[in-house]
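Computed from a prediction, not measured in an experiment: that's the story for all the values here.
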Amino acid sequence: WFILIPEGILRIVLIALAAIMPLFIFTRFQQAGLTLYLIGLFLYFLSWRPLILYPAGAWSTSLIGFTAPVIVQMVWLSGIAMIGNRWFLKYRFSRWYFFSLAMLYSIFRFLHVLMVYLQEGTPVYS
């Protein structure tokens, strides 16, 4: 519960923050954020491919392979943080709000996946 509850709360907060953050591309920094987001999204889907197609394979049952989707999600979440430049609401904006919460969420998500990996011995997605 000490991992799952914060992970769930942070997931909801990140979705809410992304919903109130317009994602317009005006600056080179935001263009770099969009590029980082797209690369991260591609790597995220790519990291799931062996887990789905070859769940008992060496990559899928290794610690790196099993946790790869969580590690890669930090890339596309960072891209979203770079794209945002204000909230729809009239609150003070800082990219660090989203970025910090995204990294905290990723840590809890990683701990959750690591806990599953360690409890299951050699887990296999099915």
Side-chain angles (χ1 to χ4, degrees):
W1 65 267
F2 64 93
I3 292 175
L4 297 177
I5 290 174
E7 177 190 352
I9 291 170
L10 286 166
R11 179 183 296 127
I12 292 167
V13 169
L14 281 176
I15 291 168
L17 286 178
I20 64 169
M21 185 171 51
L23 300 176
F24 299 116
I25 312 298
F26 296 120
T27 66
R28 288 203 186 278
F29 186 75
Q30 289 172 316
Q31 289 172 350
L34 178 62
T35 302
L36 188 63
Y37 171 75
L38 293 174
I39 290 169
L41 204 58
F42 175 74
L43 292 174
Y44 181 74
F45 288 118
L46 195 63
S47 71
W48 273 104
R49 188 172 167 83
L51 295 172
I52 294 168
L53 297 177
Y54 310 106
W59 173 258
S60 299
T61 56
S62 71
L63 179 61
I64 291 290
F66 194 75
T67 58
V70 178
I71 295 167
V72 173
Q73 86 179 4
M74 294 181 204
V75 176
W76 62 264
L77 285 171
S78 297
I80 292 174
M82 290 172 64
I83 294 170
N85 66 349
R86 64 182 177 91
W87 307 120
F88 278 122
L89 306 174
K90 298 292 182 197
Y91 294 105
R92 182 171 176 258
F93 177 84
S94 173
R95 286 183 176 88
W96 288 105
Y97 295 147
F98 187 87
F99 182 77
S100 299
L101 290 172
M103 292 305 110
L104 190 59
Y105 166 72
S106 295
I107 289 168
F108 278 103
R109 183 73 185 136
F110 181 81
L111 290 173
H112 180 185
V113 171
L114 182 62
M115 183 177 66
V116 169
Y117 182 84
L118 294 174
Q119 284 181 347
E120 298 292 326
T122 305
V124 174
Y125 282 104
S126 57

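- With hydrogens and angles ignored, the 3.5 Å screen pairs a side-chain donor or acceptor of Ser78 with a backbone N or O of Met74.
- The structure places CG of Leu41 at 11.5 Å from CD of Gln73, a figure rounded to the nearest 0.5 Å.
- Under the 6.0 Å cut-off for aromatic ring centres, Trp48 and Phe45 do not qualify, their centroids lying 6.0 Å or more apart.
- Among residue pairs with one or both ends in residues 11-23, those qualifying as side chain to side chain donor-acceptor pair (under 3.5 Å) are Glu7-Arg11, Arg11-Tyr105; sequence neighbours excluded.
- A single hydrophobic cluster is seen to contain both Phe110 and Tyr117, as judged by linkage of ILVMFWY side chains at heavy-atom distances under 4.5 Å, directly or through other members.
- Val75 approaches Gly40 most closely through the heavy-atom pair CG1-CA, 3.6 Å.
- Phe99 and Tyr44 are not part of a single hydrophobic cluster, where members link through side-chain heavy atoms under 4.5 Å apart.
- By the 30° and 60° cut-offs, the orientation of the rings of Tyr37 relative to Trp76 is perpendicular.
- Residues Thr61 and Phe66 fail the side-chain proximity criterion, which asks for heavy atoms closer than 4.5 Å.
- If you take CG on Leu77 and CG on Leu101, they are separated by 11.0 Å, rounding to the nearest 0.5 Å.
- When all heavy atoms of Pro50 and Ser60 are compared, the pair lying nearest together is O-OG, 2.9 Å.
- We find the CG-CE distance between Leu36 and Met82 to be 6.0 Å, quoted to the nearest 0.5 Å.
- Following chains of ILVMFWY side-chain contacts shorter than 4.5 Å, one can reach Ile39 starting from Ile25, so the two form part of one hydrophobic cluster.
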Apply side chain to side chain contact (heavy atoms under 4.5 Å, CB included) to Met21 and Ile83, showing your working. CA-CA 9 Å; Met21 185 171 51; Ile83 294 170; over 6 Å; no

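- Atom OH of residue Tyr97 and atom CG of residue Leu17 lie 10.5 Å apart, to the nearest 0.5 angstrom.
- Taken together through direct or relayed side-chain contacts under 4.5 Å among Ile, Leu, Val, Met, Phe, Trp and Tyr, Leu118 and Val113 form part of one hydrophobic cluster.
- Considering CD1 of Ile71 and CG of Leu43, their distance stands at 12.0 Å, rounded to 0.5 Å.
- Put simply, CG on Leu4 and CZ on Arg109 are 9.0 Å apart, with the number rounded to the nearest 0.5 Å.
- Distance alone, capped at 3.5 Å, places no donor-acceptor pair between the Thr67 side chain and the Val70 backbone.
- The same ILVMFWY cluster, assembled from side-chain heavy atoms under 4.5 Å apart, contains both Met115 and Leu51.
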